[in-house]
Protein chains: 2
Amino acid sequence: MEQQQISAYLLKNGIRPLQKRVKIMSYLVSKRNHPTVDMIYGDLIHEINGLSKTTIYNVLNLFVQSGVALALNIEGNEVRYDADTSTHGHFKCKICTGVIDFRIRQEELPRPTLEGFRIDEQHYYIKGVCSFCANKIEA
Amino acid sequence: MEQQQISAYLLKNGIRPLQKRVKIMSYLVSKRNHPTVDMIYGDLIHEINGLSKTTIYNVLNLFVQSGVALALNIEGNEVRYDADTSTHGHFKCKICTGVIDFRIRQEELPRPTLEGFRIDEQHYYIKGVCSFCANKIEA
DNA sequence: GTGTTTTTTGTAATGATTACAAAATTACTA
DNA sequence: TAGTAATTTTGTAATCATTACAAAAAACAC
């Protein structure tokens, strides 16, 4: 996605498309690696002059509140961010620590009987060992 | 569950049933309120003489490693603990911050096609507003 | 009981996140 | 286009949860 499209997308969701916001969203969308704040900072510090980690926190919090990003809480000591807000699950490998998406359709997720409850977000994640790391262990 | 049963349960899972461990597990099992470390500490400090918060961290980490408790990561800034290790989902209310269980059968959870992956844990949680808080908002 | 191992404790260290006020940027208007 | 007001970013300091670590206490073995 180009910067123009990202700007329009942010604007449509009530976010003024300022330079750093666009770059951060652009990073999330192109990388799709469910980064932590530190990963984003480490990568973008070279690209954006005078970027502060506080800004990344500010912008990501804004993104989550505005619904253009999800905060993933898989491990207690790290929050990861995902610009894909459609229904999907996450797998976290205990060995390489990477997080990957897996497709699930909305209808596949069990709909518990929660009478009178308002459901805002559904999260489904799996922990284990990915195939790449599993092969390395065997070998 | 009585202390005797808890002791036997811990022992069966390779955990020496020391006094404080039994009391902490007993608390988890009887309350079923998915407490944070602070909640446990606040409640048990009156009951157990000279209890340290570090001990609670130690014991809970041991419980999770031994498989007699789950660490729930629903919100990025808090870890909650659950002595119910069977398959079930969690609902967190944004208003009252409470976490409640909902029943789901293992077979209901979608099984994504993750060829060669080893699955250790499956987590499904929902965020929203519980019926009690929803009623209060309406009124 | 005495000595050894394990557990608990308490303080200090760490690491992620937020608060806050100053500086910089952006938007608005004449 | 310059000046002004509002918003955003920055950087440091504060906060909060969690872990490290060594000493004290408890549990265990003989």
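Just so it is clear: chains get the letters A, B, ... in the order the sequence lines come, proteins before strands, and each one is counted from 1.
- Whole-Å rounding puts the Glu78(A) CD to dT18(D) P distance at 14 Å.
- The side chain of Asn58(A) contributes no N or O atom lying less than 4.0 Å from OP1 or OP2 of dT18(C).
- Taking the nucleotide of DNA chain D with the nearest heavy atom to each of Gln19(A) and Val79(B), the more 5' of the two is matched to Gln19(A).
- Lys20(A) comes within 4.0 angstrom of the backbone, heavy atoms only, and of no base.
- Checking Arg21(A) against Asp38(B), the closest nucleotide of DNA chain D that is more toward the 5' end is the one next to Arg21(A).
- Contact annotation: Tyr57(B) reaches the phosphate of dT18(D) (side-chain N/O to OP1 or OP2, under 4.0 Å).
- No hydrogens or angles considered: a donor-acceptor pair under 3.5 Å links the side chains of His90(A) and Asp82(A).
- Following rounding to the nearest Å, Asn61(B) (CG) and dA17(D) (P) show an atom-to-atom distance of 16 Å.
- Phe91(A) and Phe117(B) have perpendicular rings, their planes meeting at more than 60° on a 0 to 90° scale where under 30° would count as parallel.
- Rounded to a whole Å, the CD1 atom of Ile56(A) is 13 Å from the C1' atom of dA16(C).
- Considering only side-chain atoms of Leu18(B), the nucleotide from dC28(D), dT18(D), dG10(C) that sits closest is dC28(D).
- A distance of 13.0 Å separates CZ in Arg80(B) from CG in Leu60(B), rounded to the nearest 0.5 Å.
- What separates CG of Leu60(A) from P of dT8(D) is a distance of 15 Å, to the nearest Å.
- Nucleic acid contact for Gly50(A): sugar-phosphate only, since backbone atoms but no base atoms lie under 4.0 Å from a heavy atom of the residue.
- In terms of position on DNA chain C, the residue among Asn77(A) and Thr54(A) whose nearest nucleotide sits closer to the 5' end is Asn77(A).
- Inspection of the Tyr125(B) and Glu121(A) side chains reveals no N or O donor paired with an N or O acceptor under 3.5 Å.
- Atom CG of Leu51(A) is separated from atom C1' of dA24(C) by 14 Å (rounded to the nearest Å).
- Remark: C1' of dA23(C) and CG of Asn49(A) are 15 Å apart, rounded to the nearest angstrom.
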Derivation of the salt bridge (charged side-chain N to carboxylate O under 4.0 Å, His left out) call for Lys92(A) and Glu78(A): CA-CA 12 Å; Lys92(A) 166 137 188 180; Glu78(A) 66 177 20; 2.6 Å; yes

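- In this structure, the CD1 atom of Ile45(A) is 13 Å from the C1' atom of dT9(D), given to the nearest Å.
- Put simply, Arg16(A) has a side-chain N or O that comes within less than 4.0 Å of OP1 or OP2 on dT8(D).
- One interatomic measurement links the two molecules: CD1 of Ile15(B) to P of dT6(C), which rounds to 16 Å at whole-angstrom precision.
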